[in-house]
Amino acid sequence: MRIFDPHIHMTSRTTDDYERMAAAGVRAVCEPAFWLGQPRTSVGTFLDYFDSLIGWERFRAAQFGITHHCAISLNPKEANDPRLREVLDVLPHYLEKDGVVAVGEVGYDSMTPEEDEVFAAQLHLADEHDLPVLVHTPHRDKPAGTRRTLDVVRESGIDPGRVLVDHLNELTAPLVAGTGCWMAFSVYPDTKMDERRTVQVLRELGTERMLVNSAADWGRSDPLKTVRTAAAMRAAGFDESEVDTVLWRNPVAFYGQSGRLLPTVAAGPDPAAVFAGNSVLRGGRPVA
Ligand SMILES: [Zn+2]
């Protein structure tokens, strides 16, 4: 089994998590830029954060045989702080970097006029840089938030095939299904979507343009939720090819639109070979 977790915040996780993920079949991840819990007060802290996503975190993941990509953005929550608006000016620099496979996560938190502005500006940036975009949908009043999100995407003129609408559930996935956008489900331990409900949506809507992620971060979350959802799919009668479509091929196809997937993933690795090359799991030499 090979898994690409298309949305996980490894900055907030330990090396134990990397080790467990690698052992369970996670070969690649995409880490979108987001809110770190403690509000930031200046643009400088974003520069250091973005640098760590494209530098340190990729190095840390590689030690466990995991290929780390990222998405860069001003997140919806901090879009409301006027001191941080200049983050938009530094984004173009990062959107040209290797391994930056999308703009994200963008979208709505509280649906304020500030969020409207920053969301639209970043859809425009994605279009300019020819990158796909990862869109967070709000956790409160989700159907209204999802409808408004889809309106803004439509108005932006961006190709819906380059848009991934995330944190969907039974109520909001059908709203996205006919739009041409990709759909993602964040599977959490005790809130929002769980494995069983996610599999039920896959049964109803199929596996095309469907992605599953753990969205694991500094809150209660589980970086193995992708693996557990794969197991739930099998238990529900999905075959290996369908599991591979949702957990590997779809994220590779979606982020592959950037033309920037790192070589280990872009080349379509043999999972067994990747595992054999993982010296940490073998307890051996440093990884080349
Ligand atoms: Zn997130």
Side-chain angles (χ1 to χ4, degrees), residues 3-14 17-18 21 26 28-40 45-46 49-50 52-54 57-58 61 66 68-81 84 87 91 94 99-111 115 118-119 122-123 126 131-140 142 145-146 149 153 163-169 172-173 176 181-194 198 210-226 229 247 250-251 254-255:
I3 285 177
F4 188 135
D5 190 335
H7 182 159
I8 185 166
H9 301 290
M10 293 310 299
T11 300
S12 309
R13 311 301 305 192
T14 64
D17 289 329
Y18 270 127
M21 288 160 64
V26 179
V29 298
C30 178
E31 174 158 5
F34 85 139
W35 179 52
L36 295 177
Q38 178 68 33
R40 284 169 281 196
T45 57
F46 278 82
Y49 173 57
F50 295 154
S52 81
L53 290 182
I54 60 177
E57 207 54 49
R58 190 181 304 166
I66 294 177
H68 181 282
H69 307 87
C70 65
I72 298 282
S73 72
L74 173 58
N75 64 81
K77 197 165 181 102
E78 292 183 304
N80 291 300
D81 187 335
L84 304 178
V87 171
L91 292 179
Y94 288 96
V100 176
V101 295
V103 172
E105 43 196 299
V106 298
Y108 287 116
D109 179 56
S110 307
M111 296 198 271
E115 291 172 28
V118 171
F119 184 17
Q122 294 188 98
L123 286 171
L131 284 172
V133 51
L134 171 61
V135 182
H136 162 103
T137 51
H139 298 302
R140 296 177 297 272
K142 203 175 261 299
T146 305
T149 298
V153 166
V163 176
L164 174 59
V165 184
D166 205 351
H167 311 312
L168 295 174
N169 61 23
T172 55
V176 184
C181 296
W182 296 65
M183 292 158 272
F185 302 89
S186 300
V187 184
Y188 295 95
D190 52 13
T191 54
K192 306 163 194 160
M193 288 299 272
D194 62 20
T198 302
M210 293 290 195
L211 283 73
V212 168
N213 61 66
S214 70
D217 58 18
W218 36 255
R220 210 171 130 64
S221 47
D222 175 0
L224 297 184
K225 279 297 185 190
T226 49
T229 304
L247 277 308
N250 285 351
F254 178 72
Y255 289 124

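Numbering of ligands and ligand atoms starts at 1, following listing order. Remember, it's a predicted structure, so these values are computed and weren't measured experimentally.
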Original post:
Excluding sequence neighbours, so at least two apart, what forms salt bridge (charged side-chain N to carboxylate O under 4.0 Å, His left out) with Arg58?
Top reply: none

**OP:** Could you tell me which residues satisfy salt bridge (charged side-chain N to carboxylate O under 4.0 Å, His left out) with Asp222, sequence neighbours excluded, listed by chain and number?
**Re:** Arg228

Original post:
Is the distance between the ring centroids of His69 and Phe4 less than 6.0 Å?
Top reply: yes

Original post:
What's within reach of the Zn ion (ligand 1), meaning protein N/O/S atoms under 2.8 Å?
Top reply: His7 NE2, His9 NE2, Glu105 OE2

Original post:
Any side-chain heavy atom of Tyr188 sitting closer than 4.5 Å to one from His167?
Top reply: yes

**OP:** Keeping the roles fixed (side chain from Glu31, backbone from His68), state whether a donor-acceptor pair exists under 3.5 Å.
**Re:** no

Original post:
Looking at residues at least two apart in the chain, or sitting in another chain, which of them share a side chain to side chain contact (heavy atoms under 4.5 Å, CB included) with Asp109?
Top reply: Pro76, Lys77, Glu115, Arg140

